[in-house]
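My questions all concern the structure below.
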Amino acid sequence: MVKPTKLKSKMSRAGEPLYEASSGNVFADLGFADADDRLARSELALSIARFIRARKLTQTAAAALLGIDQPKVSRLLAGKLNGFSTEQLLRFLTVLGHDVSIVVRKRRDREPGLLTVDAP
């Protein structure tokens, strides 16, 4: 993940911004304090959605497999992640037949550590 930096805008000839370069984390760009966690949960949810589609599961079948009700599967697939913890999303991945590895490394600089997800 890219460390958030001050965003710079490219300007049109009229002086209006054409676009802003992203830090790589939209949640950081929007100023969320828990941006790393939000991005990680979003990436986990995207992987879950891909695996559900790959197995051609209905929302009802996915709900039964994951141990939640169908409306929660609908919310998960729509990216509405309030109420889903990182741990719960990791468990869903294992239930769907995928290994999850957690790697802890010391940072070389004195900055706070980052939470990232590297998923297919």
Side-chain angles (χ1 to χ4, degrees):
M1 178 181 352
V2 177
K3 182 179 173 188
T5 59
K6 184 168 172 59
L7 300 179
K8 297 178 183 177
S9 297
K10 295 285 185 177
M11 299 298 223
S12 70
R13 290 182 188 198
E16 297 176 16
L18 293 172
Y19 65 89
E20 286 192 25
S22 173
S23 68
N25 182 340
V26 67
F27 302 107
D29 296 344
L30 293 172
F32 287 97
D34 59 347
D36 285 346
D37 183 55
R38 287 175 183 256
L39 182 61
R41 288 187 307 123
S42 296
E43 291 172 346
L44 293 171
L46 180 59
S47 292
I48 292 165
R50 286 180 180 149
F51 299 147
I52 288 172
R53 274 195 309 272
R55 290 179 65 168
K56 298 182 182 177
L57 296 172
T58 64
Q59 288 187 8
T60 303
L65 184 62
L66 300 176
I68 57 177
D69 58 24
Q70 179 276 325
K72 286 183 181 175
V73 172
S74 179
R75 284 187 24 248
L76 175 64
L77 297 179
K80 297 177 182 175
L81 303 179
N82 289 340
F84 291 103
S85 68
T86 301
E87 292 81 6
Q88 189 176 25
L89 297 172
L90 293 171
R91 186 180 61 75
F92 292 164
L93 288 166
T94 62
V95 168
L96 288 165
H98 295 270
D99 292 334
V100 175
S101 298
I102 297 173
V103 177
V104 178
R105 294 187 274 285
K106 182 171 174 58
R107 289 198 52 134
R108 294 177 194 248
D109 55 25
R110 296 188 184 262
E111 295 293 320
L114 299 173
L115 174 62
T116 60
V117 173
D118 184 15

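Note that this is a predicted model, so its numbers are computed, not measured.
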Next on the checklist: Has N25 got a side-chain atom pairing as donor or acceptor with A35's backbone, closer than 3.5 angstrom?
Outcome noted: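 Checked: pair present.
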
Checklist entry - Within a strict 4.5 Å, meaning less than it, do heavy atoms of the L76 and L81 side chains meet? => result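 Side-chain contact under 4.5 Å: yes.
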
Item to check | Single-linkage hydrophobic cluster, 4.5 Å side-chain cutoff, L89 and V103 together | outcome: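 In one cluster: no.
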
Checklist entry - Are side-chain heavy atoms of L96 and L66 found at a separation under 4.5 Å? => result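 Counting from C-beta outward, L96 and L66 do come under 4.5 Å.
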
Checklist entry - Between atom CD1 of I48 and atom CZ of F84, what is the distance when rounded to the nearest 0.5 Å? => result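 Interatomic distance, I48 CD1 to F84 CZ, rounded to 0.5 Å: 8.5 Å.
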
Checklist entry - Could you give the distance from CD1 (I52) to CG (L77), rounded to the nearest 0.5 Å? => result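 It is 5.0 Å, given to the nearest 0.5 Å.
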
Item to check | Any pair counted as ring-ring contact (aromatic ring centres under 6.0 Å, His included), so long as it reaches residues 60-80, sequence neighbours left out | outcome: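 Passing the test, one end in residues 60-80: no pairs.
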
Checklist entry - Quick one: ring-ring contact (aromatic ring centres under 6.0 Å, His included) pairs with a partner in residues 56-81, sequence neighbours left out? => result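 Passing the test, one end in residues 56-81: no pairs.
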
Item to check | ring-ring contact (aromatic ring centres under 6.0 Å, His included) pairs, two or more places apart, involving residues 92-120 | outcome: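 Of all non-adjacent pairs touching residues 92-120, those that pass ring-ring contact (aromatic ring centres under 6.0 Å, His included) are F51-H98.
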
Next on the checklist: Would the distance check show the side chain of R38 and the main-chain N or O of F32 forming a donor-acceptor pair, the cut-off being under 3.5 Å?
Outcome noted: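 Here the side-chain-to-backbone pair does not exist.
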
Checklist entry - Can you name the closest pair of heavy atoms from S47 and L93 and give their distance? => result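 Result for this residue pair: CB-CD2, 4.1 Å.
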
Item to check | side-chain hydrogen bond (donor to acceptor under 3.5 Å, both in side chains) contacts in which one or both residues fall within residues 65-86, not counting sequence neighbours | outcome: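 Found D37-T86, Q59-Q70.
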
Item to check | Non-hydrogen atoms of I68 and Q88 that approach each other most closely | outcome: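 Of all heavy-atom pairs spanning I68 and Q88, the closest is CG2-NE2, 4.2 Å.
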
Next on the checklist: Please enumerate all residues that pass side chain to side chain contact (heavy atoms under 4.5 Å, CB included) together with V26, with sequence neighbours excluded.
Outcome noted: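 For V26, the residues satisfying side chain to side chain contact (heavy atoms under 4.5 Å, CB included) (neighbours in sequence not counted) are L30.
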
Checklist entry - Excluding sequence neighbours, so at least two apart, what forms side chain to side chain contact (heavy atoms under 4.5 Å, CB included) with S101? => result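 For S101, no residue satisfies side chain to side chain contact (heavy atoms under 4.5 Å, CB included) once neighbours in sequence are set aside.
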
